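Below is one structure, written out as structure tokens; the observations come after it.
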Amino acid sequence: MQTIIIVILAILLAAALIGIFVTYKIVSEQAFQKGVAHRKQEAEAVLGSAEKEARAKVEAAERKIAEANRILEDAGKKAETRKKEALVEAKDEIHKLRSEAEKEIRDRRNEVSKQERRIHQKEENLDKKLDSMERKEEALQEKIKAADTLKEEAEALKKVQLDTLERISELTREQAKEYILQTLEEDLVHDKAVKVTAFEQQIKEDCEEKARSYISLAIAKCAADQVSEAAVSVVALPNDEMKGRIIGREGRNIRTLETLTGVDLIIDDTPEAITLSCFDQVRREIARIALERLIGDGRIHPSRIEEMVEKAKREVEHKIKQEGERAILETNVHGMNHELIKLLGRLKFRTSYRQNVLTHSIEVAQLAGVLAAELGVDVNLAKRAGLLHDIGKALTSEVEGSHVQIGVDVCRKCHENAEVIHAIEAHHNDVEPRTAIACIVQAADAISAARPAARSENYESYIKRLEKLEEICTSYKGVEKCYAVQAGREIRVMVQPEVISDEKMVLVARQIAQQIEDEMDYPGQIKVNLIRESRTVDYAK
């Protein structure tokens, strides 16, 4: 610090000298430039006073320099003193650090010594363990040799035992293996049958209760009347004399009526009645209405018959439209194409297995609506699909193809909803159902068709269905005979006990039921009942 002050003072002194010199030069130059002869004395006077001032300043500067020298000497002395003190402090610090370093080194050396002793102990322990492992390895090698010897002896004994077993059982190794595998296969068949039974039972326990609840609720909410239709209609007559008038001279009236309506008139000994026979209910209804009006009017001749038949046709067409609108109102399905409404009305005069198709369609729509409501599906869409699912049956007598395909084509032409079309297409499994609506319509159709007194089959189709059931069952190996009972609701199968075991009966019953589901169409369900009975017969002589 003192050195800095001395330097600053020296700098100030030099600056003062330079300032004096510069001032002098400036004043001299100015005086020279301004000098004129008549002011020379004034310049000399000024120069003299400047010299005095310069001498005074020089003297002051000398005094300051002397002071600065003195200050420098004092600063040098103080710096020397401070230097000595710093050296002493530095030596003390060095001594202190050296002591700490030596202590740390001693501590590290002690730690290293401890680590060396530990490592030495571990090496000794490791050597002992290696010696122990070597001894154990030698003992293990001896045991392995002994085990190999015992194995050779066991192999020899096993060979002797196998030879003895082959001699006693009179079976070769391959035959014994085959016997064991056959026994194992029988055990696996038993286990598989048990698991199949348990799995089916679990599924039934999980699903039957909920399905029964939904279906029971649907049936309870839809108790529609069911009327079986026949292929004939009976027209009452006021008296038997009317039969002659209906026949007409040389049979011209009856021929005209049959020609215009396409219906067979059966006039026999039945008192006061005429039977109309025709597979087409629309034509039979037209003939019935026309004949009743002719009987009421009393004028029966060909021209009058033609007039009444035309009126009856118009009345039946109007009735068809009314029936279609009634079905729409009854099921609360709106916004339907007028062509579809007419086709719905025609279903009033169409039967399937003697079940009225329009009544069946309305019932399916109501059942589908109830099921959809229970399952949280669009109720209106389900009703619409249920009402239209058999719409193709209205045109089966006019268009070739199945009623499913006809219904799909008609609904597409009328721009019906895609889900409704898919439900129509899938309700007989012609395609795999992909939507909840399609599955609901399937279930509702089965409920409506399968409930008691809903449907009736003709004798030929009934016999064919039972023969098909028996044919499926007899196609399986081990089936001795089978009988379809309870109108085809149950199939009893007698199996050969030496071919089909108790465990295999579960699998065979499942296979028969699956084939029946895949190959046959039937209302309700069919019970597959397998019977296995072992009998032993002997004779006393």
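Quick caveat, the model's predicted, so the values are computed rather than measured.
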* Asked: Looking only at atom types and distance, does a side-chain atom of Arg532 sit under 3.5 Å from a main-chain N or O of Pro497, one as donor and one as acceptor?
  ->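 Side chain of Arg532 to backbone of Pro497: a pair is present.
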
* Do Glu416 side-chain atoms and Ile421 backbone N/O form a donor-acceptor pair below 3.5 Å? ->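 It does not hold such a pair.
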
* Evaluate side-chain contact (heavy atoms from CB on, under 4.5 Å) for Phe349 paired with Arg284, printing each intermediate quantity in order. => CA-CA 9 Å; Phe349 303 98; Arg284 196 167 72 243; over 6 Å; no

* Asked: Do the side-chain N and O atoms of His360 and His389 include a donor-acceptor pair separated by under 3.5 angstrom?
  ->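 Side chains of His360 and His389: pair found under 3.5 Å.
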
* To do: Walk me through it: do Asp390 and His403 pass the test side-chain contact (heavy atoms from CB on, under 4.5 Å)?
  => CA-CA 7 Å; Asp390 274 343; His403 76 278; 3.2 Å; yes

Just wondering, do [Y] and [X] contact through their side chains at under 4.5 Å, heavy atoms?
X	Y	result
Met494	Ile531	yes
Arg384	Ile437	no
Arg314	Glu310	yes
Met505	Ile500	yes
Leu395	Arg346	yes

* Of the options Val333, Asp378, Ile440, which is the one that meets Lys383 in a side-chain contact (heavy atoms from CB on, under 4.5 Å)? ->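 Of Val333, Asp378, Ile440, side-chain contact (heavy atoms from CB on, under 4.5 Å) with Lys383 is met by Val333 alone.
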
* **Member of Val235, Leu237, Ile247 meeting the side-chain contact (heavy atoms from CB on, under 4.5 Å) criterion with Met242** =>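 Testing each of Val235, Leu237, Ile247 against Met242, the sole residue satisfying side-chain contact (heavy atoms from CB on, under 4.5 Å) is Leu237.
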
* Run the side-chain contact (heavy atoms from CB on, under 4.5 Å) check on Leu157 and Glu153 step by step: do they pass? -> CA-CA 6 Å; Leu157 181 61; Glu153 294 175 358; over 6 Å; no

Taking atom [atom1] as the centre, does [X] end up with more than 12 heavy-atom neighbours from other residues, nucleotides or ligands that are less than 6.0 angstrom away?
X	atom1	answer
Glu250	CD	no
His318	NE2	no
Arg252	CZ	yes
Lys321	NZ	no

Over all atoms of both residues, closest heavy-atom pair of [X] and [Y]:
X	Y	result
Leu276	Ala287	CD1-C, 4.0 Å
Arg245	Ile300	O-CG2, 3.8 Å
Gly407	Ile424	C-CG2, 4.3 Å
Ala290	Ala312	N-CB, 3.9 Å
Ser361	Leu387	CB-O, 3.6 Å
Val441	Val364	O-CG1, 4.5 Å

* Sequence neighbours excluded, every pair satisfying side chain to side chain donor-acceptor pair (under 3.5 Å) that has a member inside residues 333-344 ->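 Listed by first then second residue: Asn332-His334.
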
* Look at Arg304 together with Glu307 and state whether they make a salt bridge at an N to O cut-off of under 4.0 Å. =>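 Answer for the salt bridge query: yes.
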
* To do: Indicate yes or no: does Glu292 engage Arg288 in a salt bridge with an N to O separation below 4.0 Å.
  =>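 Looking at Arg288 together with Glu292, the answer is yes, because their closest N to O distance falls below 4.0 Å.
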
Can you tell me how far apart [atom1] ([X]) and [atom2] ([Y]) are? Round to the nearest 0.5 Å.
X	Y	atom1	atom2	value
Arg326	Ile341	CZ	CD1	13.5 Å
Gln405	His428	CD	NE2	13.0 Å
Leu344	Glu323	CG	CD	10.5 Å
Ile362	Ile328	CD1	CD1	9.0 Å
Ser475	Glu470	OG	CD	12.0 Å
Ile491	Leu530	CD1	CG	10.0 Å

Throw together a table of side-chain donor-acceptor distances under 3.5 angstrom for residues 507-516, partners on residues two or more places apart or in other chains.
from: Gln514; atom 1: NE2; to: Asp518; atom 2: OD1; distance (Å): 3.3
from: Gln515; atom 1: OE1; to: Tyr476; atom 2: OH; distance (Å): 2.7
from: Gln515; atom 1: NE2; to: Glu519; atom 2: OE2; distance (Å): 3.2

* Output, in order, the C-alpha distance, side-chain angles, deciding distance and verdict of side-chain contact (heavy atoms from CB on, under 4.5 Å) for Met336 and Leu388. => CA-CA 10 Å; Met336 190 172 291; Leu388 294 175; 3.8 Å; yes

